[in-house]
Amino acid sequence: MNPVRQIAFGYSTQCNIRCGHCVAADASPGTVKMDFDRAQDIIQEMARCHVTGISFTAGEPLLFFDDICKLIQRCRENGIYSRIVTNAYWAKTREHTDRVVSELRSNGLAQLRLSYSRWHQQHINRENIVHAALSCQKQGLDYFISFVTDFSKKDDSFEQFLRDHHLKFFPEPVIYFGRAGEFDRQRLFTDYRPNVCSMNPYLSPQLDMFACCDAANRFSKTRFLYLGNLRNDNIDTLFRKMETHVLYPLIRTMGLTNMASYLGFKAREIVQYRKCELCEKLFNTKENLNILTKSARSDLINWRR
Ligand code: SF4
Ligand code: SF4
């Protein structure tokens, strides 16, 4: 059976706003865009390699509206589920929003993901999110609102706004990478959770592929998440590299907490880290990475509660 293959597709890093928490902020200097014809070819190649879902992300994809419409058409023609992640800057009026959503839907878009947070909403009127969500509801396009939060009281009114409008949303924890790397962290109050991660791969406009879309250029000391570049390898090779890696499947199944425990991290230390911070502690250190790699198929896999 073929493994499930889905990917975040970074067509361009260009964004029209500058959110204070953006993880993409330190990914590359300036903005980069993929060549349009190359992007079309890549989607065809992904289809041949059994990719079943593509999420257009990176900067703000809808700055390249016509190109993205054509790319989601390519997805539809090839039976690939498509999603666009957008800050909804374009949803200024109900009428215009209806036109945009209608066009996305008629080109074959399967889902719109609306980014919302107290950082996004310093630049984008939150009514835009309501326009976009209501238009999706009206036109039968699946959507959800990704409510990025640090779980502080400052976000209560933002959450209440979504509740007042009866909108479907999911809280997403801030990832303390990129610009958010400098933020003060609230203390965590949770139990000893496994910190399992599904690991969604990411293709950058420069054609670099990473095993994780939230930390593309992180892990600079070990390049743990870097898979390669499409100029040197084909899509299938890079997916296979991900699927046959000794540690990635363990991140998805046994979780980071067990791996940290195996390395000797104290339980009281482990509970202080958020998931991605713990991931960085484990895999952006050559010493830890060597130990985990060597033991991946023996002692480590049996390190369970
Ligand atoms: S978080 Fe999204 S909308 Fe905000 S600056 Fe980054 S890419 Fe743009
Ligand atoms: S836990 Fe690791 S692999 Fe998962 S999103 Fe965070 S940095 Fe990426």
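All values below come from the heavy atoms of this structure, side chains included, with hydrogens, waters and symmetry mates left out. These numbers come from a predicted model, not from an experiment. First listed ligand is number 1; within each ligand, the first listed atom is number 1.
With waters left out, the protein N, O or S atoms under 2.8 Å from atom 2 (Fe) of ligand 2 add up to 1.
For the residues Gln14, His21, His120, His123, the heavy atom positioned nearest atom 2 (Fe) of ligand 1 is part of His120. Looking at Cys19, Ala58, Pro61, it is Ala58 that brings a heavy atom closest to atom 7 (S) of ligand 1.
The aromatic rings of His245 and Phe224 lie perpendicular to each other, with more than 60° between the two planes, well past the 30° mark.
Contacts of Glu277 classified as salt bridge (charged side-chain N to carboxylate O under 4.0 Å, His left out), with partners at least two apart in sequence or in another chain: Arg185. For the side chain to side chain donor-acceptor pair (under 3.5 Å) test, no residue two or more places apart in sequence or in another chain qualifies with Asn125.
Relative to the ring axis of Tyr143, Lys168 places its NZ or CZ within 45° and under 6.0 Å from the centre.
Residue Gln122 comes nearest to Arg118 through the heavy atom pair CG-O, 3.4 Å, listed as atom of the first residue, atom of the second, then distance.
Atoms of ligand 1 lying under 4.0 Å from any heavy atom of Cys15, numbered from 1 in the order shown and given with element: 3 (S), 5 (S), 7 (S), 8 (Fe). In summary, the atoms of ligand 1 found under 4.0 Å from a heavy atom of Asn87, numbered by their order in the structure, are 3 (S). Ligand-side atoms of ligand 1 in range of Ile17: 3 (S), 5 (S), range being under 4.0 angstrom from any heavy atom.
In this structure, the side chain of Asp299 does not engage the main chain of Ser295 through any donor-acceptor pair within 3.5 Å.
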Can I get a per-line list of side-chain donor-acceptor pairs under 3.5 Å for residues 66-73, giving both atom names and the distance, sequence neighbours left out?
{"unit_1": "Asp67", "atom_1": "OD2", "unit_2": "Tyr11", "atom_2": "OH", "d": "2.7"}
{"unit_1": "Gln73", "atom_1": "NE2", "unit_2": "Asn107", "atom_2": "OD1", "d": "2.5"}

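Between the side chains of Tyr226 and Asp208, at least one donor N or O lies within less than 3.5 Å of an accepting N or O.
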